[in-house]
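Just so you know, ligand 1 is whichever comes first in the structure, and atom 1 is the first atom listed for that ligand.
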Amino acid sequence: MNIPFSLPLIDTDVINEMHDTLTNTGWLTSGPKVVALEKEVQKLTTAKAVVCVNSWVSGAMLMLRWFGVGSGDEVIVPSYTYCATALACLNIGAKPVMVDVLDDFTIDPSKVKAAITSKTKAVIPVDIAGWPCNYDRINEIVSEPAVKKLFTPCSPNQEKLGRILVLADAAHSIGAFYKAKPVGTLADITVFSLHSVKNVTTGEGGAICLNLPAPFSHDEEYKFLKALSINGQTKSAFEKNQAGGWRYDIIAQGLKVNMPDLCASVGLAQIRKYQSVLLPERRKIFQFYSEHLAKHDWAILPTGETGERVSSFHLYLLRIKNISEKQRDQIIQKVSEKGVGVNVHYIPMPMLTLFKNLGYRMSDYPNTYQLYANEISLPVYNGLTEDKLKVVVETIAEAYYSTI
Ligand SMILES: *Cc1c(COP(=O)(O)O)cnc(C)c1O
């Protein structure tokens, strides 16, 4: 049996929505479907404003630029994440300062605190696998008087906020909760990824949620960010296309990172049934793995929910006790030969050539290495049937016993 690691959901709802876009709206790029998707994300998260863009990384870059982060500035990120978290900083000229993670894969707040300098402008915690990080502690740290005193504003938005920006990398965590609050309302800025492998997808895409304190105006910031995402242009092509709508202005040096309606259609069909159908299905897959792997004393199971946090069940990060990185790789090889797609999330950034060349060293992040070395991600997506899940569990167990 062939079981891919990941498959995007393309069902009749998606096809119908796409068909509607192509045949009824007469519009391909940013227009009514993007606005509808933004409203759905807002409904799901209760965020104060939502701006859709063409990827997580462009959304994060847009928001760092909006905050005036650039050359000479530092942004704190976890060493255990997909490279995009750090690339968002590098791409706008800032330095990613990596810190180690806790045993649940999320950024270690005490390490965040220790890494803060007068150059720190933002911290980007990651809800890895859909598991929310310790938002309360991170928000507390950036508001501590001594930390605020160290903060040296050098842009109007930095003046206005008066402290380090918390920009959540929620690429995995749409629909997750922390202390009964939905992800999207827990940091100043939260960015979801709507990439093909994520829980809700537009093929490529991202959604920025704003949750800024006073005196920021969410209506004004929404308008400004919509412009900033299309070269700083005050009107989209859709708006210019209305009778008499030709005149526009370029109000700031923006990026060209808007989401097309074609992409939004796919996500729109998915997000409408995300909370009622798609997310509960993922949760069941997660629970199936945990129930069936629990009998193996070599399996270290990930946590999906506690009284305090509920995951979006994006990834199932299985770990295996007392094996080396090499043994893990052998197990993966055997599982792959049986046609079961598994993965590793993630190869820590300090192990990747770009970051090694920039001077980051794996030995500085021991917990990250420990978590990575024995980790195997199992397939989680809508449409995975129970007999396939059984095959995944059996294949993993066979590969383990024939390796160890
Ligand atoms: C997928 C992912 C991203 C990047 O998302 P894009 O939409 O492809 O830019 C960023 N961070 C994490 C943790 C991711 O998994």
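- Distance check, rounded to the nearest 0.5 Å: OG1 of Thr120 to CZ of Arg163 gives 14.0 Å.
- For ligand 1, the atoms closer than 4.0 angstrom to any heavy atom of Ser193 are 5 (O), 6 (P), 7 (O).
- The shortest N or O to N or O distance between Trp56 and ligand 1 is below 3.5 Å.
- Here CD1 of Ile404 is found 9.0 Å from CG of Asn322. Values are rounded to the nearest 0.5 Å.
- Those atoms of ligand 1 with a heavy atom of Gly205 less than 4.0 angstrom away are 7 (O).
- The protein heavy atom nearest to atom 12 (C) of ligand 1 is Ala171 CB, 3.4 Å.
- Ring-plane geometry between Phe286 and Phe313 is classed as perpendicular, the angle between the planes exceeding 60 degrees on a 0 to 90 degree scale with a lower cut at 30.
- For ligand 1, the atoms lying closer than 4.0 Å to a non-hydrogen atom of Thr81 are 13 (C).
- For atom 1 (C) of ligand 1, the nearest non-hydrogen atom from the set Lys198, His314, His172, His195 belongs to Lys198.
- At a heavy-atom distance under 4.0 Å, only side-chain atoms of Tyr346, from C-beta outward, approach ligand 1.
- Within the 4.0 Å heavy-atom criterion, both parts of Val57, backbone and side chain, lie near ligand 1.
- Using bins of under 30°, 30° to 60° and over 60° for the plane-to-plane angle, the ring pair Tyr316/Tyr289 lands in the tilted bin.
- Both the backbone and the side chain of Ser55 come within 4.0 Å of ligand 1, judged by heavy-atom distances.
- The protein heavy atom nearest to atom 11 (N) of ligand 1 is Asp169 OD2, 2.8 Å.
- Rounding to the nearest 0.5 Å places CD of Gln233 at 12.0 Å from CG of Leu228.
- At least one cation-pi condition fails for Lys160 and Phe67: the charged atom is not both under 6.0 angstrom from the six-membered ring centre and inside a 45 degree cone around its axis.
- Once rounded to the nearest 0.5 Å, the distance linking CG of Leu186 with SG of Cys209 reads 10.5 Å.
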